[in-house]
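Worksheet for the structure shown next.
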Amino acid sequence: MRLVLMADTHLPKRARDLPAELWAAVDAADVVVHAGDWVDVPLLDELTARSKRLIACYGNNDGPALRARLPEIARAELDGLRLAVVHETGQATGREQRCAARFPDTDVLVFGHSHIPWDTTAETGLRLLNPGSPTDRRRQPYATYQTATVSDGVLTGVELHRIVRRA
């Protein structure tokens with residue numbers, strides 16, 4: 001099962017659309033995960049239409065229209081893998097311990113908010129992933145998203161993709 005992970009798209013405030021390479025990844029994926037800060041409803045509609053399966057939550061920049069359609073925390077089981085998606089996890093210091101306590105029945109937690117890619121594992125085995133942002137790199141050298149594979153309840157092949165803007 002092929003996954004695409006994204007967060008903090010901030011459309012249309014930070015970009016007019018998602019990068020073409022990310023749309024291609026969405027079209028090829030079995031599951032698309034979005035960890036909040038959509039900003040406007042049209043992207044949700046388009047990702048819903050183009051994704052085979054969308055698992056998503058709202059973020060702190062998402063207003064009532066998005067919050068009416070998305071949960072604060074999304075949960076799903078993917079081929080035996082227990083996935084949770086949330087926008088904010090707090091400061092980086094102590095994140096693994098806090099999230100392990102908050103999500104004890106979760107194998108992988110996808111989060112956003114910071115726009116900073118993250119890939120760590122808590123002592124409990126909880127894997128924490130932040131795909132960064134494909135549209136607003138902030139102080140990061142590149143805009144980013146992640147892909148991964150799930151098979152028999154195991155997450156493998158997590159890859160951070162850098163989006164290179166062409167002039």
Side-chain angles (χ1 to χ4, degrees), residues 1-11 18-19 21-23 25-26 28-39 43-44 47-48 50-62 66-67 69-92 94-138 140 142-151 153-163:
M1 181 180 302
R2 296 167 299 180
L3 277 60
V4 170
L5 313 175
M6 70 179 89
D8 298 291
T9 48
H10 292 270
L11 294 183
L18 295 181
E21 73 181 75
L22 181 50
W23 277 122
V26 165
D30 298 302
V31 178
V32 175
V33 177
H34 192 300
D37 271 7
W38 305 72
V39 178
L43 178 61
L44 174 58
L47 270 178
T48 299
R50 288 179 72 165
S51 302
K52 291 177 185 77
R53 181 175 182 189
L54 177 64
I55 303 166
C57 66
Y58 66 77
N60 62 298
N61 283 296
D62 298 328
L66 286 160
R67 288 171 187 241
R69 293 177 56 185
L70 296 166
E72 180 180 10
I73 301 170
R75 295 179 187 276
E77 187 172 310
L78 303 174
D79 197 18
L81 181 89
R82 298 167 303 171
L83 176 78
V85 185
V86 67
H87 185 63
E88 295 186 58
T89 59
Q91 65 182 358
R95 178 175 283 142
E96 288 81 8
Q97 295 81 6
R98 272 194 322 278
C99 290
R102 185 175 175 201
F103 297 94
D105 297 327
T106 302
D107 299 311
V108 175
L109 176 66
V110 179
F111 66 99
H113 190 61
S114 68
H115 299 218
I116 299 170
W118 188 276
D119 184 352
T120 58
T121 303
E123 287 183 8
T124 62
L126 173 68
R127 182 92 175 254
L128 292 95
L129 299 172
N130 184 331
S133 171
T135 57
D136 185 12
R137 63 183 181 86
R138 287 195 183 161
Q140 300 303 300
Y142 297 95
T144 57
Y145 67 97
Q146 290 172 324
T147 56
T149 303
V150 175
S151 181
V154 178
L155 184 77
T156 59
V158 175
E159 185 176 347
L160 182 67
H161 299 268
R162 295 175 172 180
I163 298 170

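- Panel note: side chain Arg98, backbone Thr89; a donor-acceptor pair is recorded below 3.5 Å.
- Between Asp119 and Arg127 the shortest side-chain heavy-atom distance falls below 4.5 Å.
- Between His115 and His10, the angle of the ring planes lies from 30° to 60°, which puts this pair in the tilted group.
- Within the 3.5 Å criterion, the main-chain N or O of Val39 finds no donor-acceptor partner in the side chain of Asn61.
- Distance alone, capped at 3.5 Å, places no donor-acceptor pair between the Asn130 side chain and the Pro117 backbone.
- Between the CG atom of Leu78 and the CZ atom of Arg53 there is a distance of 5.0 Å, given to the nearest 0.5 Å.
- Of all heavy-atom pairs between Ser114 and Asp8, the closest is N-OD2, 4.4 Å.
- At a threshold of 4.5 Å between non-hydrogen side-chain atoms, the residues Thr147 and Arg2 do not count as touching.
- Of all heavy-atom pairs between Thr135 and Pro19, the closest is CG2-CD, 4.4 Å.
- Residues Ala100 and Thr124 approach most closely at CB-OG1, 3.5 Å, considering heavy atoms.
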task: Using the side-chain contact (heavy atoms from CB on, under 4.5 Å) rule, take Gln140 and Ile116 through it: C-alpha gap first, then chi angles, then the decisive distance, then the call.
output: CA-CA 7 Å; Gln140 300 303 300; Ile116 299 170; 3.4 Å; yes
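- No side-chain heavy atom of Ile55 sits under 4.5 Å from any side-chain heavy atom of Val110.
- Note that CG of Asp107 and OG1 of Thr121 are 11.0 Å apart. Values are rounded to the nearest 0.5 Å.
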message: Using side-chain contact (heavy atoms from CB on, under 4.5 Å), reason through Val26 and Met6 one step at a time and then give a plain yes or no.
response: CA-CA 10 Å; Val26 165; Met6 70 179 89; 3.8 Å; yes
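- Using a 4.5 Å heavy-atom cutoff, the side chains of Leu44 and Leu54 are in contact.
- Put simply, the side chain of Arg75 reaches to within 4.5 Å of the side chain of Thr106, judged on heavy atoms.
- The distance from the OG1 atom of Thr149 to the CG atom of Leu3 is 7.5 Å, given to the nearest 0.5 Å.
- Proximity of a side-chain donor or acceptor of Arg67 to a complementary backbone N or O of Gly59 within less than 3.5 Å is detected.
- Looking at heavy atoms from C-beta onward, Arg102 lies out of side-chain contact with Leu109 at the 4.5 angstrom threshold.
- Scanning all heavy atoms of the two residues, the minimum distance from Ala7 to Phe111 falls at CB-O, 4.3 Å.
- A side chain to side chain contact (heavy atoms under 4.5 Å, CB included) with Asp37 is found for one member of Leu66, Asn60, Thr9, Asp136 and no other, namely Asn60.
- Residue His34 holds its NE2 atom at 7.0 Å from CG of Leu18, rounded to the nearest 0.5 Å.
- From Tyr145, atom OH reaches atom CD of Glu159 across 8.0 Å, with rounding to the nearest 0.5 Å.
- Of all non-hydrogen atoms in Ala56 and Trp38, the two that sit nearest each other are CB-CZ2, 3.4 Å.
- Here Leu81 contributes atom CG and Leu155 contributes atom CG; the two are 6.0 Å apart, rounded to the nearest 0.5 Å.
- Nearest heavy-atom pair, Val86 versus Ile73, reported as atom, atom and distance to 0.1 Å: CG2-CG1, 3.9 Å.
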